[in-house]
Peer 1: 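Provided herewith is a single structure, encoded as structure tokens, for subsequent inquiry.
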Amino acid sequence: MERFTFTGHDDNPFLQGPYAPVSSECVLTNFNITGRIPDDLAGVYLRNGPNPKYNPAGIYHWFDGDGMVHGFYFQNGTLTYKNRWIKTKGLIKEQQQGKSLLPGVFSTVSPTETKDTANTDIIVFNKRAYGLWYRSGMPYALDPVTLETLGIDSFSDTLHAPISAHAKVDPLHNELRVFSVSMKPPYLSYGVINEEHKVSHWTPIELPGLRLPHDIAITTHYSIVMDLPLYYIHAPKGLRSHFDRSLPARFGIIPRLGSTQHIQWFEAEPCYIYHVINAWERESKIEMLVCRVTDPVPPLEDKASDSLHSMINFLGKTLKTAQYYYYCFNLKTGSVEEQPLDSRISEFPVINQRYMGQPSRYSYHVLLDDVDLPLFSGLIKYDYWGEYTETVMWSKPYVGNEPVFAPRNNANSEDDGYVLTILTSCHQDQSKLLILDAKKLTAPPLATIDIPVHIPIGFHGCWAEMSQI
């Protein structure tokens, strides 16, 4: 499996080094392994991310690449690796003509004209995997075993609007809680897809205008939607995003099957939130952990200038203020408590998904290099119950990716399992998969698996147990 060589893009770092896309799909079963794959690790680690199939037209941004899923399948101490493009409608159309047809976020006048690449997140629900897009798109279903694209899933013709990335699988109710962002009213909608594979609840959320939420949170009885002061404004050369520090960050707590009239809104200090860690109920309060950004400067900010340097610079700034952060919403008094829990810059948090919406103690985040590009230099394990943390740094020329937590068979505690993460080489056509003991993150890896192909830096992933696929 080789990397692409794109002509006319030699100065674009998102097509080089650890970001360089690969040109083919493959299946691998033989690996050089230092250590040993645990026998009680059984399931699949799926990772989604951008991987353009054709030479991009105009300025290429990391967010633009066609979705490609990488799958690592574990059973009885063995591993199989495979990768597949998500065959979206846009990609199929381009395959028919053998070239890139649709522009990316820095090459279009209106954000609604960009291609739905399904490249942002991947989840497993009702024995299907779903590729999801951060700008809201129809969910693309995949066979979680073969990674074959099954097509858009309308959930028995009950889903009539796109959904955003970071839909939440609720393990308690065996349902999927989703949200949809639109360029026109209603700007935000919230829904629930049940275990019968149908949309059982859908409601618009009243907002003062278009906002750009990226995530939601769930608890047993509630969901938390966000009205953050980041929105589009009209500029001479099209839309551009704007962070309004005069407006509060608003959090709407809605009953799990509630409507817009049931929402209780809470106001907090202005900020932006890319990723929620977890949330849960405690008596008459809801506690929520997030990675909070105080100075968001999204990539679209400088779109009108069509400047590659500005695009790269702004993307780095977007994440440089992300911190581990705590909110507490009092449902009786309407008050909000908020405070940072650590000063280090960390993002892309993951937890043990069995604890989604329930009180949880541990989360695992990437640490960011102090450079303009989003490069991940290590991992940190946070303990919400105390001040205990563990940090692991990666040796050059490798950089990290978002990790995933995999519970061991018959796990008896929240961190009884493994942390898996991909290391991408900046210079060589190879990658590594590390299996770490989640209880002893700083100990030598249980297994270091040499993957003899390049796996580009990606976005988000998930762990699915064998019973779930």
Side-chain angles (χ1 to χ4, degrees), residues 25-29 31 37-49 67-88 118-132 139-156 163 165-178 193-198 350-357 401-411 416-422 433 435 438 447 449 451 455 458-469:
E25 302 171 337
C26 70
V27 178
L28 303 174
T29 56
F31 306 92
I37 298 174
D39 291 332
D40 58 359
L41 178 64
V44 57
Y45 169 23
L46 299 177
R47 211 290 313 275
N48 197 358
M68 174 176 277
V69 178
H70 301 262
F72 300 86
Y73 297 81
F74 297 91
Q75 194 164 22
N76 300 323
T78 66
L79 168 65
T80 297
Y81 163 81
K82 63 186 70 172
N83 68 313
R84 296 286 185 273
W85 269 289
I86 301 177
K87 292 179 175 57
T88 62
N119 70 7
T120 310
D121 202 0
I122 187 159
I123 60 173
V124 171
F125 176 66
N126 275 356
K127 298 189 183 298
R128 282 188 167 191
Y130 290 95
L132 304 175
Y140 278 89
L142 291 80
D143 183 314
V145 177
T146 67
L147 298 185
E148 175 188 0
T149 301
L150 304 176
I152 289 175
D153 193 339
S154 63
F155 294 93
S156 305
I163 61 175
H166 303 308
K168 293 292 190 289
V169 178
D170 178 355
L172 184 63
H173 299 98
N174 190 26
E175 65 188 19
L176 188 64
R177 303 198 210 172
V178 304
I193 299 170
N194 63 22
E195 60 184 346
E196 296 177 355
H197 213 69
K198 295 181 179 180
V350 299
I351 64 168
N352 183 340
Q353 290 296 304
R354 293 178 177 179
Y355 289 75
M356 175 63 67
N401 286 261
E402 179 195 73
V404 70
F405 178 88
R408 73 172 78 236
N409 290 347
N410 303 312
D416 188 10
Y418 308 101
V419 173
L420 281 63
T421 191
I422 303 164
L433 178 68
I435 303 176
I449 305 168
I451 310 296
I455 301 177
F459 295 141
H460 300 286
C462 70
W463 172 261
E465 301 170 38
M466 283 298 180
S467 62
Q468 296 174 307
I469 62 172

Peer 1: Which value, rounded to the nearest 0.5 Å, describes the distance between Leu176 atom CG and Asp170 atom CG?
Peer 2: 9.5 Å

Peer 1: Could you tell me if the side chain of Trp463 sits less than 4.5 Å from the side chain of Val124, heavy atoms only?
Peer 2: no

Peer 1: Rounded to the nearest 0.5 Å, what separation is found between the CD1 atom of Ile451 and the CG atom of Leu79?
Peer 2: 6.0 Å

Peer 1: Fit a plane to each ring of His197 and Phe155, take the angle between them on a 0 to 90° scale, and name the class: parallel (under 30°), tilted (30 to 60°) or perpendicular (over 60°).
Peer 2: tilted

Peer 1: With a 6.0 Å cut-off on the ring centroids, do Tyr355 and Phe405 count as close?
Peer 2: no

Peer 1: Any non-hydrogen side-chain atom of Tyr73 less than 4.5 Å from a side-chain atom of Val27?
Peer 2: no

Peer 1: Rounded to the nearest 0.5 Å, how far apart are CE of Met466 and CD of Gln75?
Peer 2: 4.0 Å

Peer 1: Taking the side chain as C-beta and beyond, is there a heavy-atom pair between Arg354 and Pro407 under 4.5 Å?
Peer 2: yes

Peer 1: Taking all heavy atoms of Asn401 and all of Gly458, pick out the closest pair and write down the distance.
Peer 2: OD1-N, 3.0 Å

Peer 1: Are the side chain of Glu402 and the backbone of Gly461 linked by a donor-acceptor contact shorter than 3.5 Å?
Peer 2: yes

Peer 1: May I ask you to check whether over 12 heavy atoms, not counting those of Lys127, lie within 6.0 Å of atom NZ?
Peer 2: yes

Peer 1: Shortest non-hydrogen contact from Tyr140 to Ile86?
Peer 2: CB-CG2, 3.9 Å

Peer 1: Got Ile351 and Gln353 here, is their nearest side-chain heavy-atom distance under 4.5 Å?
Peer 2: yes

Peer 1: Looking at side-chain heavy atoms only, is the closest gap between Ile422 and Phe72 below 4.5 Å?
Peer 2: yes

Peer 1: Assess whether side chain to side chain contact (heavy atoms under 4.5 Å, CB included) is satisfied between His460 and Thr120, documenting all intermediate values.
Peer 2: CA-CA 6 Å; His460 300 286; Thr120 310; 4.1 Å; yes

Peer 1: Is there side-chain contact between Leu147 and Asn83, with heavy atoms separated by less than 4.5 Å?
Peer 2: no

Peer 1: In Å, rounded to the nearest 0.5 Å, how long is the span from CG of Leu433 to OG1 of Thr421?
Peer 2: 8.0 Å

Peer 1: Can you tell me if Tyr81 uses its side chain to pair, donor with acceptor, with the backbone of His70 under 3.5 Å?
Peer 2: no

Peer 1: Could you tell me if the side chain of Val350 sits less than 4.5 Å from the side chain of Val419, heavy atoms only?
Peer 2: no

Peer 1: How long is the straight-line distance from CG of Asp121 back to CD1 of Ile163, given to the nearest 0.5 Å?
Peer 2: 10.0 Å

Peer 1: Quick one: list whatever passes side chain to side chain contact (heavy atoms under 4.5 Å, CB included) with Asp416, sequence neighbours left out.
Peer 2: Arg408, Ala411, Asn412, Ser413, Lys439

Peer 1: Are the side chains of Asp40 and Asn410 in touch, meaning some heavy atoms are under 4.5 Å apart?
Peer 2: no

Peer 1: State, to 0.1 Å, how close Phe459 and Asn119 come at their nearest heavy-atom pair, and which atoms those are.
Peer 2: CD1-O, 3.2 Å

Peer 1: Please find the pair of heavy atoms, one from Asn48 and one from Gly67, that lie closest to each other, and give the distance.
Peer 2: OD1-CA, 3.9 Å

Peer 1: Is there a donor-acceptor contact under 3.5 Å from the side chain of Thr80 to the main chain of Thr29?
Peer 2: no

Peer 1: Between Phe74 and Leu41, which heavy-atom pair has the shortest distance, and what is it?
Peer 2: CB-O, 3.5 Å

Peer 1: Checking Val404 against Leu46 for the side chain to side chain contact (heavy atoms under 4.5 Å, CB included) test, could you report, in this order, the C-alpha distance in whole Å, the side-chain angles of both residues, the deciding distance, and whether it holds?
Peer 2: CA-CA 9 Å; Val404 70; Leu46 299 177; over 6 Å; no

Peer 1: Taking all non-hydrogen atoms of both residues into account, name the closest pair between Thr78 and Ile37 and its distance.
Peer 2: C-CD1, 4.2 Å

Peer 1: Between Lys87 (side chain) and Glu148 (backbone), is there a donor-acceptor pair under 3.5 Å?
Peer 2: no

Peer 1: Quick check for you: to the nearest 0.5 Å, what is the distance between Leu142 atom CG and Thr149 atom OG1?
Peer 2: 4.5 Å

